[in-house]
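Everything below concerns the one structure shown next.
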Amino acid sequence: MEILGIGPLELIFIILIALIVLGPTDMVKAGRTVGRFMRKIVTSPGWRTFQQASREIRYFPNKLMREAGLDELEHDLQEFENKSRQSLTKGLNSDLESWQNEISSWTTPPQTIETPSAPPDSNHRQESAEESSEEVEQS
């Protein structure tokens, strides 16, 4: 808690210095005098006016935004941003899917159906057998 911008540690430091300078007997009189003075300030109409003006200054930008309708504009801007982000995401997803479909035809090897054929060794044996039979017939 701050009193007139003075925090608790600063207040303790001020009290210690006052105790050293004034001494214990004069410290009581000074405390009463300061307390009465503070009470007069805090309960005065001038202090209330000061606090009210401080509050108005603090919230003045918010008040201007409300009066100008900037809250609505900000809300509309956020809605537009969300909608555009969603449509952009959908467009990117569809582009990505089509790109993946196109690239898959390039990267996926074609599946060929092989017809069963005789092993190469058997063909070679058949050819050599035919050649030998032809040689026998010619001789």
Side-chain angles (χ1 to χ4, degrees):
M1 184 174 106
E2 292 188 6
I3 301 171
L4 297 174
I6 299 172
L9 293 175
E10 295 165 337
L11 188 61
I12 291 172
F13 183 69
I14 291 171
I15 290 172
L16 284 174
I17 291 180
L19 185 63
I20 292 170
V21 172
L22 298 175
T25 55
D26 290 334
M27 185 72 175
V28 174
K29 292 178 187 175
R32 283 186 187 143
T33 305
V34 170
R36 286 182 190 142
F37 178 72
M38 291 293 291
R39 181 181 298 152
K40 285 181 186 176
I41 289 176
V42 171
T43 58
S44 71
W47 179 255
R48 288 189 191 119
T49 305
F50 175 76
Q51 284 182 330
Q52 184 179 4
S54 174
R55 234 179 280 120
E56 286 179 9
I57 290 171
R58 188 178 311 131
Y59 296 115
F60 187 67
N62 294 345
K63 183 179 177 182
L64 286 177
M65 284 177 55
R66 269 186 259 118
E67 289 176 0
L70 291 179
D71 285 340
E72 294 172 7
L73 288 175
E74 183 180 3
H75 180 70
D76 293 342
L77 182 63
Q78 286 176 351
E79 283 182 13
F80 176 73
E81 182 182 356
N82 290 338
K83 287 179 183 178
S84 61
R85 186 177 292 147
Q86 289 173 354
S87 65
L88 181 63
T89 304
K90 287 179 184 177
L92 287 175
N93 286 340
S94 65
D95 289 345
L96 180 64
E97 288 174 9
S98 65
W99 182 76
Q100 285 175 344
N101 290 337
E102 289 176 15
I103 202 95
S104 67
S105 65
W106 296 348
T107 58
T108 307
Q111 295 181 353
T112 57
I113 302 174
E114 294 183 21
T115 57
S117 63
D121 291 339
S122 66
N123 285 339
H124 181 65
R125 289 181 193 156
Q126 285 178 357
E127 289 175 6
S128 61
E130 288 175 6
E131 288 175 4
S132 62
S133 66
E134 286 177 11
E135 290 175 4
V136 171
E137 288 176 8
Q138 288 178 359
S139 30

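Note that the coordinates shown come from a computational prediction; the quantities given were computed from them, not determined experimentally.
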Roughly how far apart are [X] [atom1] and [Y] [atom2], rounded to 0.5 Å?
{"X": "I41", "Y": "R36", "atom1": "CD1", "atom2": "CZ", "value": "14.5 Å"}
{"X": "K63", "Y": "I57", "atom1": "NZ", "atom2": "CD1", "value": "12.0 Å"}
{"X": "L77", "Y": "N82", "atom1": "CG", "atom2": "CG", "value": "9.5 Å"}

* Heavy-atom side-chain proximity of R85 to E81 below 4.5 angstrom -> yes
With the 4.5 Å side-chain cut-off for hydrophobic clustering, are [X] and [Y] part of the same group?
{"X": "L11", "Y": "L19", "value": "yes"}
{"X": "F37", "Y": "V42", "value": "yes"}
{"X": "F13", "Y": "V21", "value": "yes"}

* Of all heavy-atom pairs between A30 and L22, which one has the smallest distance, and what is that distance? ->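 Taking every non-hydrogen atom into account, CB-CD1, 3.6 Å.
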* To do: Kindly say whether F50 contributes a backbone atom to a donor-acceptor pair with the side chain of S54 at under 3.5 angstrom?
  =>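 Absent.
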